Structures are given as structure tokens and as C-alpha cells.
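Being a predicted model, the structure only gives us computed values, none of them experimental. Any value given below was found using the heavy atoms of this structure, including those in side chains, with hydrogens, waters and symmetry copies removed.
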Amino acid sequence: MYMPDKSACLLLFLLLLPLLPLWAGTPLAEEVFSLSLEELLNIEISVASRNETAAFENPAAVYVITQADIRASGLRSIPELLRMVPGLHVSRFSGGQWEVSSRNKTRRFSGYLLVAIDGRAVHNPLFGGVFWDMQNTPLADIERIEIVRGPGATTWGSNAVNGVINIITKSSVDTQDTYISAGVGDNDIQQDVFLRHGFLFNDMHGRVYLSQKKYNSGLIPPSTSNDDAPLSPPFDAFNQGADAGDNGVITQAGFRVDKELNQYNWTIQGDIYQGGTGEYDGSADDRQVHYDDIHGFNFLSKWQVFGSDFSQTRIQVYIDEFGRKNKRFYALMDQFSFDVRTVDIDIQHHFPSGHHQWALGLGYRYMQMQTEIQGLVNQSGILINPAGEDDHLPSAFIQDSIALMPNKLQLIMGIKAEINDYSGSEFQPSIRMLWSINSYQNVWMAYSLANKSPVLLDDEIYADNPDLSALDNDEAACVAAGQIHRFGWLILPEAGCVQNESIHADSQKVRSTELGYRWQGENRSIDIALFYDDYEVQEFIVDTFVDKLYGAEFSLNYHINDSWQGLFNYTRHQGKDFNFFSAEDFTKTTTDISKNTLYLRLSYHPLEHWLIYSNLYYVDDIDGPVPAYTRLDLQLQWLPNPSLTVSLNGTNLLDDSHIEENVQLFSIIPTEIQRGYFLSFSYDFAFQ
């Protein structure tokens, strides 16, 4: 397929500029350029404390992606939007799969970052982490995305170790229209279609929607990096540069109903989806694409009751079920499938008392997990419990926000208690302080203890072969049998010794110290966060090889004039990484890990009817090895009337293709991400 070079792309973009006509202003342009910095910084968020507070006054490293950011960016997926956030690391693994981490190394199933959609956790209790290819919340229905870098465990619980992302959808009160958007692309997203209809029923507002998104596949990467360092396992040198076939598709439908009164708010909502995603297997004897069938549904109901004394009570209940079935995973493995069912109840009560603002919470989560594995694992005598697993997670938290000096000095103390089926009772305290120097600058500091709990495959893999299980707990025999080490679920079949019911994985504790500063001027703002995380290395748990991690995160938002806006974010993370590798003496080595990321956004409103939006990313070398890369995205939007928006978007314009992640699972190869183009339109019938 012919791919124009970057010079041709930029030339075409520049040639279009003189053709921009003059027309009347549009709601999108006004939305993007009319918000002042003060309005942006005073958007009330709840991700840090579970109680709505202005972003500027939060004693945490918070960031908000607004609907204006989403619409103006032209991006079509949530992980791509998260690239703009300082402190987050985003890499695309294949056509429709991403890895997202906060203040840590990006890993396929990293369990340190908690992600929620309207408060519904989408954590994967089998492997840890998030299946991003299964999170397809329509971007047009998102009100904002709230992000806190650093621990959020005191209010959100385990696995909110170094970050929380809460995706908040719009109330159906704000979507009382019929809205359609559609687009086609090349080499990135092939197709994206979305249809929404709002309705009014008695005194309740509602909406229904249908969406489908198709991702194009990546390219088979070369056998070496740009620095001639070998990539492992052996890449498919014969077919490098060819289409990997790891494309994906997901179809999703859903609804939401809201009832808003003075005394209470009530919401019910749900989604159902089905699709598939491909991965390229580059092993020497089995070069092929294997395909995951994915499916799921969720149903959520929440009530918010307001008291006469400024108190409020929130009750949320949700049911979530998802599953994946891999038709051909590895040369000897014919099938790997699992289903996860979750029921979660969360109750919170917030009330004032003098200079105190109290928050109390109770929660209970029930998870049922069933797995089916055939081939490699069974033949080697290593199994996940075939009968499945039922997990129970009761929890409670208490938090007190104390105005030590009203409007000047605030102290927040809290603790979360949980009981999980793997490591038992866990307590996660935190203390935060906010000092408002004056009305336009403040300093905050925090100390937190957070836990990454074990997942099913940390604890429930066991030896079904008597010859192997007999060696368990006998270190000398295990070494003689060739046992290297137990990396959670990534077990070499020839290892021989595995963990069984006599040994249980423990949680990993992370102690985090943070310091932040914010300054707000008339047309610019600065946000700085420093942190130091001390990880307790836990050998019998997935993805726990980081020892210490520290860094700085910087953000500058600059409203240059009525036509130009700029945003500059920079992140520097540094730390130590353990590598367990010796089969003979169980020794470990320590390596330095470092990462620099840079993000620059420029928004240009040249004429009343046009909007130009650019994103420039720089990502440092990623251990693996993955070479550093610079990515440029450009978008041109035309808005001829209040109803219609037409967009032309180009992604990865500086490279024909590049790789963003290294191999992490058997011989599954992350493919190279290609330059992409996307043409789309949206039409809102509310203006007719």
C-alpha cells in the first residue's frame, strides 16, 4: 500500500490553510476557546477524595481531560487520549490493544493502576491490569476523564497503587438529542460509527446508543531495534514489514436513564458488547495470528441523596460480566477461555461537623471466575483451578478533612480496610495537606501506603503432576529440577516446581511520598508534582519487579490569545528494577530504569469556522528494548453550521511505522503502529 512521506503530508496540510473560508462561529470552537483557565482549574472532580472538590484545590496530582479536549483532539480511543496526561505511560501493543501505566513501567497486565467507568472498576482479577480493547465507552458521551497519579487506595482500595482513572459519562439530561457520527480511516482505525438518541419519559431523561469500531492491523516488526539490539523472542525476519493481521472489532450498545430532583438523583445504565481482537504469534514453528473472541455486559444503578445539613449519601450497585476465548494461543495450546462475573455494592456518606468534613464508606465485592485451558498447560501438569474461583472483598474506609486554618490550611487523613481471599486483611492509610498560599497558588504534600493485591494466577496455579508437586517446598530438589522462579502465571513448563496450596502470594506494599505546587495566572497555569515510591519486592506475585521509583511531572497550560492555546507536559521517571534470572542460585540483578516523556499541544482557531489541533509526543527509550520515538498528530475541523462537524485527522505523521512495546507473553509480538488517516463527520439533530 502506498504511504505518502511526512513531507508530503505536511505540505498538503499547509496548502489547505489558504482555503479556509469565513463563516459564523460554532459551539465546538466556542467550547474549546471560551473556557478560561480559572474555569478549567475549578472543574469539580471526585477521583482523589470521592467527594467533589475543585481540581485546583485537590491535595493530589490530579488531571482532567474535558469533553472539549476529547472533541478537539480528533482521537478515537480512550488510551490515545491518556497520552496527554503527565505521569502516564501509554503504548499501543497491537491493532486494538494498549498498555497504560502511571508512574511505573508499562506492562501488558500491570495491576498498579485502577481504572473505573462511572465508579465501576474494570480491573481484571485474573491477570491484573485492564483489557483496554474491551473498554469502548463512546467518546461523545464522556463528560470528563479524571486522573490522579499516585496512590488512591484510601478511598478506592487495593490496586489503586500509583494511579486512578475514572471515566465519567454525561447525564442523559445533557444528551437529549439524536446524534450520529461516522468515519473511515487507513492504517489506524478503519471504521468508527456511533448513533445516540435521547428521550424524555415522564420526569426521567434517558438515552440509548449503538457503536461499532474496527481497528486496522499493525506491521510485523524487524528482528532488531533501530540500535541493532536484538528483540526477543526471535521476530519474524522473513515477513517483517508485512501486515500482521492483528486487527480488531467491537460492537457495543447501551442505555442510561437519569432522574434529578432537589432531594436526590437516581441513575441506571448498562452496556453490552461483543467483538474480537488479533495478536501475532512470531514463534519459529507457528507464525500466525490468533484471535480472541470478547464479550461482556454491565448494569449499574446509583442513588445520591442530599440532606438538609449539606450531607449526602451515595449508594451504588453494579453487575459486570466479561469473557474472552482464545481459539489458538500457542503451538500446543488449542483453547484458553475465561469468564468473570462481579457484583459490587458501595455505600458512602459525607457530612460536615464544625471544621471537619467526614466521609464514611462500606463496600462488598463478589467475583466468580471460571477458566478453561487445553494444550500446553495441561500437558505440562500445571493448571489453574478448573473448578473456578469465588472471591469476596469486604471493605470500609473513613476519611476526615480538617480545616486547620479556614481557606488556608487543610489536613486530610483517612484509612481503607479490606479483607481479600489471598493475602487477608489489608490497611491502606494516607495523610495529605494543602496549604493555600494565596488565591492563585498552593502547595500540597502527601504520604500514603497502598497495596497491590494478588490476582487469581498469582495464587491458584498448582501442580497436577505428582512427580512435580512432590518437589514443592524442597528448594534443593526444585533447583535440581531446573526451577528458575515463579513469576506468577508466567511459568515455564519445564520448571517442575510450582506454588500450590501450601504457599500463598502476599500483597505488595508501596510507600509513596509526594509534594506538589500549583500556580494560576491570568492566562497561564503551572502544575508540578514530585514523588518517591518505595516498593516492597514480592517474588510470588505478577509484575512486582520495581524496587524504587521517583520522578517529577510538570504541566504548563498557556492561553496565548483568542486564537492560540498551548499545553506543555513533561515527565521524568527514574528507578531501580529487579531481574530474577538464575536457575542455580536464585540470584537477582538490579538495573536502572528511566523514562522521559514530553507532550506539546497547540490549538489554533484561525477563522470563525475552522479549528486546527496538533499533538506532539516524545517517548524515551523503553526497556525491552524499544527505541525512542516522536509522534505527531494533526487535525483539521470544519464546522459549517451548529449541527455538522467534519474532521480530517492524521496520526503518527513523522514515521511510516514504529514499535511502542516489547514482547511480554510467550511469543506474542507487539506490532508496529502505522501512520494513519481518518475522515469523519458528526451531525447533531438537536439544532434542527
Side-chain angles (χ1 to χ4, degrees), residues 32 35 37 40-41 43 45 47-48 55-56 58 60-70 72-75 77-92 98-106 113 144-150 162-165 441-442 444 514-521 523-531 549-560 564-574 594-604 613-622 628-635 651-652 654 660:
V32 173
L35 283 177
L37 278 178
L40 290 172
L41 294 172
I43 293 176
I45 64 174
V47 66
F56 186 75
N58 261 275
V62 298
Y63 197 93
V64 182
I65 299 175
T66 66
Q67 176 58 211
D69 292 326
I70 295 171
S73 71
L75 299 173
S77 66
I78 294 172
E80 296 292 346
L81 288 168
L82 295 174
R83 291 181 188 271
M84 71 176 68
V85 182
L88 293 191
H89 303 306
V90 179
S91 57
R92 194 165 178 176
W98 289 263
E99 301 175 359
V100 181
S101 67
S102 172
R103 294 181 175 177
N104 206 318
K105 300 167 63 177
T106 50
L113 175 65
R144 63 185 184 275
I145 303 175
E146 301 177 354
I147 303 101
V148 58
R149 294 107 58 199
N162 46 34
V164 178
I165 298 173
Q441 60 179 332
N442 60 48
W444 61 270
E514 300 175 273
L515 177 65
Y517 171 78
R518 294 190 184 97
W519 174 82
Q520 173 188 334
N523 64 342
R524 71 198 73 179
S525 67
I526 293 175
D527 194 324
I528 302 173
L530 309 175
F531 73 93
L549 198 64
Y550 53 93
E553 298 154 358
F554 173 85
S555 180
L556 168 65
N557 198 338
Y558 187 16
H559 288 196
I560 303 169
W564 287 92
Q565 291 183 12
L567 176 65
F568 173 76
N569 295 332
Y570 171 73
T571 300
R572 167 68 178 180
H573 289 168
Q574 183 77 34
S594 64
K595 195 169 188 179
N596 295 282
T597 59
L598 180 149
Y599 169 73
L600 175 64
R601 179 182 73 191
L602 287 176
S603 302
Y604 181 41
Y613 198 86
S614 66
N615 299 277
L616 181 69
Y617 311 86
Y618 170 77
V619 180
D620 209 349
D621 292 349
I622 304 173
Y629 62 89
T630 302
R631 165 176 167 164
L632 175 65
D633 299 345
L634 292 175
Q635 184 191 195
T651 58
N652 303 311
L654 300 181
E660 297 187 354

Establish, yes or no, whether the cationic atom of Arg103 lies under 6.0 Å from the six-membered ring centre of Phe531 and within 45° of the ring axis.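 The answer is yes; both the distance and angle limits are met.
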Interatomic spacing from [atom1] in [X] to [atom2] in [Y] - rounded to 0.5 Å:
X      : Y      : atom1 : atom2 : result
Arg524 : Trp519 : CZ    : CH2   : 6.0 Å
Leu632 : Leu654 : CG    : CG    : 5.0 Å
Thr630 : Asn652 : OG1   : CG    : 11.5 Å
Arg92  : Thr651 : CZ    : OG1   : 7.5 Å
Thr571 : Asp620 : OG1   : CG    : 11.5 Å
Glu146 : Asn58  : CD    : CG    : 8.5 Å

Apply the test side chain to side chain contact (heavy atoms under 4.5 Å, CB included) to residues Leu82 and Ile65: give CA-CA distance (whole Å), side-chain angles for both, the deciding distance (0.1 Å), then the verdict. CA-CA 8 Å; Leu82 295 174; Ile65 299 175; 4.1 Å; yes
Tell me every residue that passes side-chain hydrogen bond (donor to acceptor under 3.5 Å, both in side chains) with [X], counting only those two or more places apart in sequence or in another chain.
X      : result
Arg601 : Asp69, Tyr613
Ser102 : none
Asn442 : none

Please lay out, stage by stage, how Gln520 and Arg518 fare under the test side chain to side chain donor-acceptor pair (under 3.5 Å). CA-CA 7 Å; Gln520 173 188 334; Arg518 294 190 184 97; over 6 Å; no
Heavy-atom closest contact ([X] atom, [Y] atom, distance):
X      : Y      : answer
Glu553 : Ala61  : OE1-CB, 4.5 Å
Leu602 : Gly566 : CD2-CA, 4.0 Å
Ile145 : Ile147 : O-CD1, 3.5 Å
Val62  : Ala55  : CG2-O, 3.6 Å

Does any non-hydrogen side-chain atom of [Y] lie less than 4.5 Å from one of [X]?
X      : Y      : result
Glu514 : Trp444 : yes
Val90  : Val85  : no
Ser77  : Trp98  : yes
Leu88  : Ile165 : yes
Arg144 : Ile70  : no
Leu530 : Tyr550 : no
Asp633 : Tyr617 : yes

Can you sort out the partners of Ile560 under side chain to side chain contact (heavy atoms under 4.5 Å, CB included), two or more places apart, ordered by chain and number?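 So Ile560 forms a side chain to side chain contact (heavy atoms under 4.5 Å, CB included) with Tyr558, Trp564.
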Those residues that, when tested against Asn569, pass side chain to side chain contact (heavy atoms under 4.5 Å, CB included) (two or more places apart):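 Counting only residues at least two positions away or on another chain, Asn569 forms a side chain to side chain contact (heavy atoms under 4.5 Å, CB included) with Tyr63, Pro86, Ser555, Leu567, Tyr599.
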I would like to know whether Ser101 and Leu113 meet side chain to side chain contact (heavy atoms under 4.5 Å, CB included); could you show each step before the answer? CA-CA 6 Å; Ser101 67; Leu113 175 65; 5.6 Å; no
Go through the structure and list residues passing salt bridge (Lys or Arg N to Asp or Glu O under 4.0 Å) with Arg83, not counting sequence neighbours.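 Per chain and number, Arg83 pairs via salt bridge (Lys or Arg N to Asp or Glu O under 4.0 Å) with Glu80, Glu660.
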